[in-house]
Number of protein chains: 2
Amino acid sequence: MSETLLATPTAHADASPKRQAIIEAATRLFMAQGYGPVSMDAIARAANVSKATLYAHFASKDRLFATIVGGRCTQVAFDNAPFPADGLDMRQVLTGIGRRLLGFLLAPETQSILRIAIVESARFPELGTAFLDSGPSMFITRLAAWIAAEHAAGRLDAPDARVAADQFGALLRPLMFLRAMLAVKPAPDEAEIMATVDAAVETFLRAYGPRGR
Amino acid sequence: MSETLLATPTAHADASPKRQAIIEAATRLFMAQGYGPVSMDAIARAANVSKATLYAHFASKDRLFATIVGGRCTQVAFDNAPFPADGLDMRQVLTGIGRRLLGFLLAPETQSILRIAIVESARFPELGTAFLDSGPSMFITRLAAWIAAEHAAGRLDAPDARVAADQFGALLRPLMFLRAMLAVKPAPDEAEIMATVDAAVETFLRAYGPRGR
DNA sequence: GTCTATAGGCCGATAGAC
DNA sequence: GTCTATCGGCCTATAGAC
């Protein structure tokens, strides 16, 4: 697969109803089942169009998949709301950031696309990059910038802000996250999520809180 | 009449050369490509047997896959070597544990099976559990026991040893690990691995080192 | 653009000879 | 147990009518 597979930003948003139906059906099926098990017949049937119409809009199953999933990566990207300004309680701020990030990571849409990106990254190398760039990388970069500012202000002691940001994200993905990715029951509940966030914040502050806390 | 008490003819460890060839070929192909893309024809061809022979040993593709991958989970399990006894330098001990664990997590065999377990856990729920039980869960449990002992001895300050162990593992899986799972270049090199371990140990000791460090 | 119909191939699984 | 040969089905993709 070439990297041009993802570059399908048809300059004019094609609002053809059939095309839209195809995209919606393909998104639903691919996200639920991945690439292999979904047939073009099934997509055509779910979209209420014929296979010929399907192929009139998308040259091949590969291209349809890459278009759908690549676009989906940016669509479910982590909501990069701004981090709070100075003066708020550090623990509350971190807890809020952690809750938002972990909630995003555990959301069914995120899990689906992450699962698909992981397994299809061999066949579609651009998917891995698209997913990383769509959320995690940018989030860590922004969090690092915020941490650096807090460090400069003396409210954190994190000389290497990039590492600290990466580690805060990592602390939010303990075994519970792996268990969710592996679909091992029981699914994480709200209490477990909160406990994970609280523990991550606690450890982060123990490691990076201002000296002489 | 059966001539042995130890082996049932069809069920267990059959040393038949054909069966062994099937297992080896299927392992290689499934690990490299996952479930869907590998056909029974391909496995038979790679094992130099006919498809009929294949089906004489394994009732279906599903069962063959579950047998192969389930067994593989325990085979590539993390080497649970004992943790060092008392009296050694804490930083060195943690660094050694971290290097071994991260090296294991990034090994191609581990990445393959983890990728497969993640994507096929919907179709084969037992795979997720098998993978978790084969390594990560037990490792965290053992690490937690060691941390609890160190806590009791006053060499660590980790009241909740289970959380601390889980977080140490999590600190070893920053973005670099996600990048590896997504097959995004460049692959982690030795320097990056060492830097990740050192940073994880540093943060862990900042958070859980003995008070008044 | 959209349809029906089908080409052409590979799939999982089996029958029957030995 | 092991083989050859094959079945019936589903797959991607296309031809041709409208």
Side-chain angles (χ1 to χ4, degrees), chain A residues 1-2 5 8 10-30 32-69 116 119-120 123-124, chain B residues 1-4 7-30 32-69 116 119-120 122-124:
Chain A
M1 302 313 123
S2 78
L5 280 177
T8 322
T10 44
H12 58 293
D14 192 338
S16 153
K18 298 271 184 186
R19 185 188 178 91
Q20 208 55 36
I22 291 171
I23 289 176
E24 281 167 21
T27 299
R28 182 160 37 85
L29 291 173
F30 279 141
Q33 309 182 46
Y35 178 81
V38 175
S39 73
M40 293 296 260
D41 282 272
I43 296 171
R45 207 176 315 126
N48 265 8
V49 301
S50 71
K51 265 199 294 186
T53 300
L54 191 46
Y55 278 95
H57 285 277
F58 297 93
S60 70
K61 185 182 174 182
D62 278 11
R63 294 196 61 118
L64 175 58
F65 179 77
T67 302
I68 295 290
V69 179
I116 290 171
V119 71
E120 297 298 343
R123 196 193 309 253
F124 304 92
Chain B
M1 287 303 141
S2 69
E3 51 280 307
T4 171
T8 51
T10 57
H12 290 311
D14 189 339
S16 150
K18 298 270 185 187
R19 187 188 178 90
Q20 209 55 35
I22 291 171
I23 289 176
E24 282 166 20
T27 300
R28 183 159 36 85
L29 290 173
F30 280 141
Q33 309 181 46
Y35 179 80
V38 175
S39 72
M40 293 296 260
D41 283 272
I43 294 172
R45 208 177 312 126
N48 265 8
V49 301
S50 71
K51 261 201 297 186
T53 300
L54 192 47
Y55 277 95
H57 285 277
F58 298 93
S60 69
K61 184 183 176 184
D62 278 12
R63 293 193 64 111
L64 175 58
F65 180 77
T67 302
I68 294 290
V69 179
I116 290 171
V119 70
E120 298 298 343
R123 197 192 306 253
F124 304 92

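A quick note: this is a predicted structure, and the numbers were derived from the prediction, not measured. Every chain is numbered from 1, with letters handed out A, B, ... down the list of sequences.
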Enquirer: Whole angstrom is fine here: how far is it from CG in B:L54 over to P in C:dC11?
Expert: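 Going from B:L54 (CG) to C:dC11 (P), I get 13 Å.
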Enquirer: Can you pull out every side-chain hydrogen bond (donor to acceptor under 3.5 Å, both in side chains) where at least one residue sits in residues 33-44 of chain B? Sequence neighbours excluded, please.
Expert: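 Residue pairs with at least one partner in residues 33-44 of chain B: B:Y35-B:D62, B:D41-B:K51.
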Enquirer: Please report, rounded to the nearest Å, how far the C1' atom of C:dG1 is from the CG atom of A:N48.
Expert: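 The distance from CG of A:N48 to C1' of C:dG1 comes to 16 Å, rounded to the nearest Å.
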Enquirer: Applying side-chain hydrogen bond (donor to acceptor under 3.5 Å, both in side chains), name anything that partners B:R123, two or more places apart in sequence or on another chain.
Expert: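 In terms of side-chain hydrogen bond (donor to acceptor under 3.5 Å, both in side chains), with neighbours along the sequence ignored, B:R123 is linked to B:E120.
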Enquirer: Expressed in angstrom and rounded to an integer, what is the separation of B:L64 atom CG from C:dA13 atom P?
Expert: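 Rounded to the whole Å, the gap is 10 Å.
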Enquirer: Tell me, please, which residues at least two apart from B:R63 pass salt bridge (charged side-chain N to carboxylate O under 4.0 Å, His left out).
Expert: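 For B:R63, no residue satisfies salt bridge (charged side-chain N to carboxylate O under 4.0 Å, His left out) once neighbours in sequence are set aside.
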Enquirer: For a 4.5 angstrom cut-off between non-hydrogen side-chain atoms, does B:I43 reach B:F30?
Expert: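 SC-SC contact between B:I43 and B:F30 confirmed.
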Enquirer: Suppose we screen for side-chain hydrogen bond (donor to acceptor under 3.5 Å, both in side chains). Which residues come up paired with A:T53, at least two apart in sequence or across chains?
Expert: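 Residues passing side-chain hydrogen bond (donor to acceptor under 3.5 Å, both in side chains) with A:T53: A:S50.
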Enquirer: Report yes if a side-chain nitrogen or oxygen of B:T53 is closer than 4.0 Å to either non-bridging phosphate oxygen (OP1 or OP2) of D:dT2; otherwise report no.
Expert: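 False: B:T53 side-chain N/O out of range (4.0 Å or more) of D:dT2 OP1/OP2.
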Enquirer: Return the set of residues passing side chain to side chain contact (heavy atoms under 4.5 Å, CB included) with A:A47 (not counting sequence neighbours), or none when no residue passes.
Expert: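 With sequence neighbours excluded, A:A47 shows a side chain to side chain contact (heavy atoms under 4.5 Å, CB included) to A:A21, A:I22, A:A25, A:V49, given in chain and number order.
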Enquirer: Which pairs, protein N/O on one side and nucleotides 11-15 of chain D N/O on the other, fall under 3.5 Å?
Expert:
residue : atom : partner : partner atom : Å
D:dC11  : OP1  : A:S39   : OG           : 3.4
D:dT12  : OP1  : A:K61   : NZ           : 3.1
D:dT12  : OP2  : A:M40   : N            : 2.8
D:dT12  : O4   : A:K51   : NZ           : 3.2
D:dA13  : OP2  : A:Y55   : OH           : 2.9
D:dA13  : OP2  : A:K61   : N            : 3.1
D:dA13  : N6   : A:K51   : NZ           : 2.6

